[in-house]
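Below is one structure, written out as structure tokens; the observations come after it.
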Amino acid sequence: MTGSADETDGAAGERVESAVREYYRAIDAGAYGDLEALLAPGFVQRRPDRTIEGRESFVRFMHEDRPMTDTSHRLEEVIVADGQAVVRGELLDGDGESVFGFADVFSAREGRLVALETYTR
């Protein structure tokens with residue numbers, strides 16, 4: 001039994017990591033339909049400058065209201081455990097220069113991202 005529980009936990013962790021990596025890919029590519037599909041309806045992001053509640057509000061913010069849209073994310077580390085992922089990386093501008101470092105803490109449930117806490121430096 002322990003073996004199958006470990007396999008299930010491993011598969012769940014792989015799904016969370018895949019969803020998190022796809023989250024950044026979708027934002028960087030401007031693929032807002034893909035982004036929406038990754039998020040639970042009640043998705044919440046808490047970040048230093050604001051809290052965004054609801055999947056539609058978050059996707060709208062990313063599409064229409066972000067201060068910088070010509071950016072990409074360089075992921076330096078992704079750690080997954082117990083339905084959560086911690087990501088450490090950098091936001092890069094259109095020239096590939098670092099804008100700031102970040103740590104994102106994601107919570108996932110039933111294959112969708114439900115919450116994100118963002119910390120910047």
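In this text the structure is predicted, and so the values were computed from the model without any measurement. We use all heavy atoms of the structure for the numbers below, so side chains are in, but hydrogens, waters and symmetry mates are not.
- Closest of all the heavy-atom pairs between R112 and A37 is NE-O, 3.5 Å.
- When every heavy atom of A19 is checked against every heavy atom of L38, the shortest pair comes out as O-CD1, 3.9 Å.
- Among residues at least two apart or in separate chains, there is no ring pair (Phe, Tyr, Trp, His ring centres under 6.0 Å) pair with a member in residues 74-98.
- Under a hydrophobic-cluster definition in which Ile, Leu, Val, Met, Phe, Trp and Tyr are linked whenever side-chain heavy atoms come within less than 4.5 Å, directly or via other members, V16 and I79 are assigned to different clusters.
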Could you go step by step and tell me if L91 and H73 meet the side-chain contact (heavy atoms from CB on, under 4.5 Å) rule?
CA-CA 5 Å; L91 182 70; H73 295 82; 3.6 Å; yes
Working note: F102 + V87, criterion side-chain contact (heavy atoms from CB on, under 4.5 Å); need CA distance, chi angles, decisive distance, verdict.
CA-CA 8 Å; F102 67 87; V87 179; 4.1 Å; yes
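- Among residues two or more places apart in sequence or in another chain, the salt bridge (Lys or Arg N to Asp or Glu O under 4.0 Å) test is passed with E77 by R88.
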Name each donor-acceptor pair under 3.5 Å that joins a side chain in residues 114-121 to protein atoms two or more places apart or in another chain, with its distance.
from: T118; atom 1: OG1; to: Q45; atom 2: NE2; distance (Å): 3.0
from: T118; atom 1: OG1; to: D104; atom 2: OD1; distance (Å): 2.8

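- Remark: L113 CG to Y23 OH distance equals 8.5 Å, nearest 0.5 Å.
- In this structure, T71 OG1 and L92 CG are separated by 8.5 Å, a value rounded to the nearest 0.5 Å.
- The shortest heavy-atom contact between A85 and V20 is CB-CG2, 3.7 Å.
- Within the model, atoms CG of D28 and OG of S72 stand 5.5 Å from one another, a figure rounded to the nearest 0.5 Å.
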Should D49 and R47 be marked as a side-chain contact (heavy atoms from CB on, under 4.5 Å) after you check the CA-CA gap, both sets of side-chain angles, and the distance that decides it?
CA-CA 6 Å; D49 62 335; R47 48 193 269 171; 2.7 Å; yes
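- Of all heavy-atom pairs spanning S57 and I52, the tightest one is C-CG2, 3.8 Å.
- Note: the hydrophobic cluster containing V105 does not contain Y24 (ILVMFWY, side chain heavy atoms under 4.5 Å, direct or indirect links).
- Taken from CZ in R60 to CZ in R55, the straight-line distance is 12.5 Å, to the nearest 0.5 Å.
- Qualifying ring-ring contact (aromatic ring centres under 6.0 Å, His included) partners for F43, counting only residues two or more places apart in sequence or in other chains: F58.
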Which atom pairs, one a donor and one an acceptor, fall under 3.5 Å between side chains of residues 63-70 and the rest of the protein, sequence neighbours left out?
from: R66; atom 1: NE; to: M62; atom 2: O; distance (Å): 2.9
from: R66; atom 1: NH2; to: Y32; atom 2: OH; distance (Å): 3.1

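- The stretch residues 90-101 participates, sequence neighbours left out, in these salt bridge (charged side-chain N to carboxylate O under 4.0 Å, His left out) pairs: R74-E90.
- Residue-environment remark: CG (D82) stays at or below the threshold of 12 foreign heavy atoms within 6.0 Å.
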